[in-house]
Engineer: 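Here you go, one structure.
Keep in mind the model is a prediction, meaning the values are calculated, not measured. In listed order, ligands and their atoms are each counted from 1.
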Amino acid sequence: MGMKSFKRYSRHITRGPRWKALRVQALQRDGWKCVCCAEKIGLEIDHIKPVRDRPDLAWSLENLQTLCGQCHAKKTRIETGYKPLSPKRQQWRTLLREKQLPSEGNF
Ligand SMILES: [Zn+2]
């Protein structure tokens, strides 16, 4: 299942007055800030369990969380299979690039 169909799944839910009301409930519960990084600008409501997997939870307030655009994008990327490099691996890469270890025997 591609990214397109994934997006389409929640679109028919996040449209209309019913979603608007639920969205405000979630925002109020989370204190109008990103539950991940406490950002207060550009907030979006995320389905903790994707609608694709749990359409039955699409309208459940417990399955909603407030995320900023950045955190939301990060989560969506992971769900759709674009795994970011782990911090450890990234560190290692930088180390390899920056630290040109002197080779032994080169005195
Ligand atoms: Zn955030």
Engineer: Does Lys33 have more than 12 heavy atoms from other residues, nucleotides or ligands lying within 6.0 Å of its NZ?
Structural biologist: no
Engineer: Clusters formed by hydrophobic residues whose side-chain heavy atoms approach within less than 4.5 Å: which one holds Leu67, and what are its other members?
Structural biologist: Val35
Engineer: Keeping waters out of it, list the protein N, O or S atoms under 2.8 Å from the Zn ion (ligand 1).
Structural biologist: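 Near the Zn ion (ligand 1), below 2.8 Å, one finds Cys34 SG, Cys37 SG, Cys68 SG, Cys71 SG.
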Engineer: I want to check something: taking the side chain as every heavy atom from C-beta on, are Cys37 and Cys68 in contact at a cut-off of under 4.5 Å?
Structural biologist: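 Of all side-chain heavy-atom pairs linking Cys68 with Cys37, at least one is under 4.5 Å.
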Engineer: Can you tell me if CH2 on Trp59 sees more than 12 non-hydrogen neighbours from other groups inside 6.0 Å?
Structural biologist: yes
Engineer: List for me each residue that meets side chain to side chain contact (heavy atoms under 4.5 Å, CB included) alongside Lys49, sequence neighbours excluded, and say none if there are none.
Structural biologist: Arg54, Leu57, Asn63
Engineer: Taking distance alone, no hydrogens or angles, what donor-acceptor pairs closer than 3.5 Å link side-chain atoms of residues 19-31 to residues at least two apart or in another chain?
Structural biologist:
from	atom 1	to	atom 2	distance (Å)
Arg29	NH1	Leu61	O	2.8
Arg29	NH2	Leu64	O	2.5
Asp30	OD2	Thr66	N	2.9
Asp30	OD2	Thr66	OG1	2.8

